Amino acid sequence: MLRAQPTASHHIAGAYIDDSEGAPMACLYPATGDKVAELHEATPALIERALAAAQAAQPEWAATAPAERGRILARAAAIMRERNHDLSVLETLDTGKPLQETLVADAASGADALEYFGGLAAGLQGQMLRLAGGDFCYAERVPLGVCVGIGAWNYPTQIACWKAAPCLAAGNAMVFKPSEVTPLGALTLAEILTEAGLPPGVFNVVQGAGAVGAALVNDARTAKVSLTGSVATGHKVYAAAAAGMKQATMELGGKSPLVVFADADLEDAVSGAILGNFYSSGQICSNGTRVFVERPLRGAFVARMVERLAGVVMGDPLDEATNFGPLVSERQLESVMGFIRKGEAEGATLACGGHRANRPGWFVEPTVFTDVTDEMTIAREEIFGPVLSVLDFDSEEEVIARANATPYGLAAGVFTADLARGHRVIGRIQAGTGWINTYNLTPAGMPFGGMKLSGFGRENAAVALESYTQLKSTYVATGPVEAPF
Ligand code: NDP
């Protein structure tokens with residue numbers, strides 16, 4: 001049996017630590033259901049230890065030269081790249097995503113973020129304003145203090161890196177809680193950061209379910225929380241942050257539109273829709289799950305999509321030939337199957353898939369629905385699985401209105417040969433992140449995040465670094481002080 005064997009459940013103050021008093025947490029391999037690791041939830045004593053370690057370490061870290069902070073992050077990025085294969089195997093055991101994917105998408109993207117924010121650390125600047133009579137004021141960007149990161153289960157290593165890198169680059173300390181479903185990736189990040197020279201306490205990982213996350217957010221020492229999760233959790237975490245007047249970044253769910261005009265390159269449009277619906281077996285927040293296809297292209301689009309999906313290789317995710325893995329958990333499988341049954345019951349037509357695969361593990365066949373209308377549940381609610389809905393449209397105005405008729409606003413895509421139209425349409429869709437003639441590419445320098453119920457704040461790019469700072473202004477007088485009496 002495969003085992004991932006983390007040294008211990010938590011990583012606090014630069015060292016692995018366990019506490020068997022915490023409730024047991026089994027980490028199951030989604031391709032077989034086998035237990036690959038057993039960890040323990042953090043007890044209140046361990047949560048306290050992690051927050052205290054972060055609080056103790058943060059001032060000295062903030063006082064460390066920004067260039068040195070950056071060098072440590074860059075060293076961690078290099079270690080991640082050297083160990084990419086092992087980290088990818090671990091990510092596959094944690095999530096069930098095919099090794100073919102994790103080898104290029106997870107630790108690699110995490111390393112990109114560490115390197116990118118490591119490079120930005122020394123360039124973090126404030127403002128200076130000259131005033132009358134030789135007076136002036138300056139505003140520095142100072143760290144927030146102790147920040148909390150809470151992750152979802154779809155990209156455990158990437159999410160931990162996307163949050164830790166800007167947080168640490170700006171001189172903060174972090175306590176990170178991974179999803180209880182995928183606890184392993186963040187632990188190896190903590191180990192690597194320590195090896196790269198990060199002082200003990202600057203980055204800590206504690207395990208547990210929602211209650212552990214809530215305890216971290218509610219603690220008076222926490223200055224900011226960055227959550228990646230569902231809208232329902234976002235409501236709770238944002239409310240808790242507001243109660244303590246804490247800063248927040250909310251990376252939440254979506255039901256994003258992908259618009260394919262009739263002049264689009266068919267092969268590219270199908271490839272884009274595959275990336276935006278079936279990569280990671282559809283468990284990606286920004287997926288373009290409402291695929292609006294202009295009516296003249298619709299028949300060819302669906303036919304080619306079904307043909308291409310016949311090339312899916314479902315199998316052991318550790319086999320590099322496998323390009324389609326299971327869902328992360330049995331619970332997620334049941335939820336996705338529930339949406340598929342609803343799609344059928346509400347009158348959508350199955351063009352392919354629609355079943356649990358006949359093999360061990362939590363595999364669902366790649367599924368395409370046609371004849372989907374805007375009112376159907378599968379067109380309104382986030383499924384977070386390999387389910388693509390094709391919706392027909394006839395005009396640009398119509399598709400923009402329909403694309404925007406959702407409470408979500410995370411992402412959007414447009415495929416067209418007419419670039420002017422591409423810019424025009426993406427410009428009018430209410431989404432924080434858009435793509436023209438591709439889908440789901442998220443380089444470290446591109447701000448990523450949502451509008452409307454999909455959240456606020458951005459990951460990646462300089463704006464993420466700034467979001468882990470606050471402005472501190474100082475007025476400097478150079479002359480006598482005038483007072484009325
Ligand atoms: P959840 O919202 O269920 O959980 C997210 C994290 O929050 C988990 O670590 C969870 O702990 C924790 N949590 C739950 N309740 C609380 C609470 N009251 N206080 C503090 N923390 C809490 O999301 P999933 O893990 O199921 O992930 C899927 C969702 O994440 C989808 O909606 C997806 O769209 C979204 N997502 C958004 C992304 C973005 O960047 N916009 C990227 C990736 C995913 P636990 O689960 O361990 O109980």
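Counting starts at 1 for both ligands and their atoms, in listed order. None of these values were measured; they are calculated from a predicted model.
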Could you find the nearest protein heavy atom to [atom] and give me its residue, atom name and distance?
| atom | result |
| --- | --- |
| atom 41 (N) of ligand 1 | Leu252 O, 2.8 Å |
| atom 32 (O) of ligand 1 | Glu382 OE1, 2.6 Å |
| atom 46 (O) of ligand 1 | Ser179 OG, 4.0 Å |
| atom 44 (C) of ligand 1 | Asn154 ND2, 3.5 Å |
| atom 40 (O) of ligand 1 | Glu251 CB, 3.2 Å |
| atom 25 (O) of ligand 1 | Trp153 CD1, 3.0 Å |

If you measure from each heavy atom of Leu227 to ligand 1, is any distance below 4.0 Å?
yes
Can you find an N or O of [X] that's nearer than 3.5 Å to an N or O of ligand 1?
| X | result |
| --- | --- |
| Lys236 | no |
| Gly213 | no |
| Gly210 | yes |

For Phe456 together with Tyr238, are the ring centres under 6.0 Å from each other?
yes
Give the intermediate values and the outcome of side chain to side chain contact (heavy atoms under 4.5 Å, CB included) for residues Asp18 and Leu46.
CA-CA 9 Å; Asp18 221 325; Leu46 275 192; 5.9 Å; no
What I want to find out is whether [X] reaches [Y] closely enough, with some N-O distance under 4.0 Å, to be called a salt bridge.
| X | Y | value |
| --- | --- | --- |
| Glu195 | Arg83 | yes |
| Arg81 | Glu115 | yes |
| Glu48 | Arg221 | yes |
| Glu334 | Arg331 | no |
| Lys97 | Asp106 | yes |
| Glu459 | Lys163 | yes |

Counting only heavy atoms not in [X], do more than 12 fall under 6.0 Å of its [atom1]?
| X | atom1 | answer |
| --- | --- | --- |
| Arg49 | CZ | no |
| Glu21 | CD | no |
| Phe448 | CZ | yes |

One pair to check against side chain to side chain contact (heavy atoms under 4.5 Å, CB included): Val212 and Glu41. What are the steps and the verdict?
CA-CA 8 Å; Val212 172; Glu41 284 209 44; 3.6 Å; yes
Near [X], which atoms of ligand 1 are under 4.0 Å from a heavy atom of that residue?
| X | answer |
| --- | --- |
| Ser230 | 1 (P), 2 (O), 23 (O), 29 (C), 30 (O), 32 (O) |
| Phe448 | 40 (O) |
| Gly208 | 47 (O) |

Under 4.0 Å, heavy-atom basis, I'd like to know which part of [X] is in contact with ligand 1: side chain, backbone, both or neither.
| X | value |
| --- | --- |
| Phe384 | side chain |
| Gln283 | neither |
| Leu410 | side chain |

Could you pull out, from [options], the option with a heavy atom nearest to [atom]?
| atom | options | result |
| --- | --- | --- |
| atom 12 (C) of ligand 1 | Ile150, Asn218, Val212, Ile284 | Ile150 |
| atom 20 (C) of ligand 1 | Pro178, Ser280, Ala214, Gly455 | Ala214 |
| atom 35 (C) of ligand 1 | Ala411, Gly253, Gly229 | Gly229 |
| atom 8 (C) of ligand 1 | Gly151, Ala239, Gly149 | Gly151 |
| atom 38 (C) of ligand 1 | Ala152, Cys285, Ser454 | Cys285 |
| atom 1 (P) of ligand 1 | Val225, Ile159, Thr233 | Thr233 |
| atom 11 (O) of ligand 1 | Glu41, Glu459, Lys177, Glu180 | Lys177 |

Report yes or no: does Lys452 contribute a side-chain atom to a donor-acceptor pair with the main-chain N or O of Thr406 at less than 3.5 Å?
yes
Hey, are the side chains of Asp112 and Trp162 touching, using non-hydrogen atoms and a 4.5 Å cut-off?
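Side chain of Asp112 against side chain of Trp162, heavy atoms only: no contact under 4.5 Å found.
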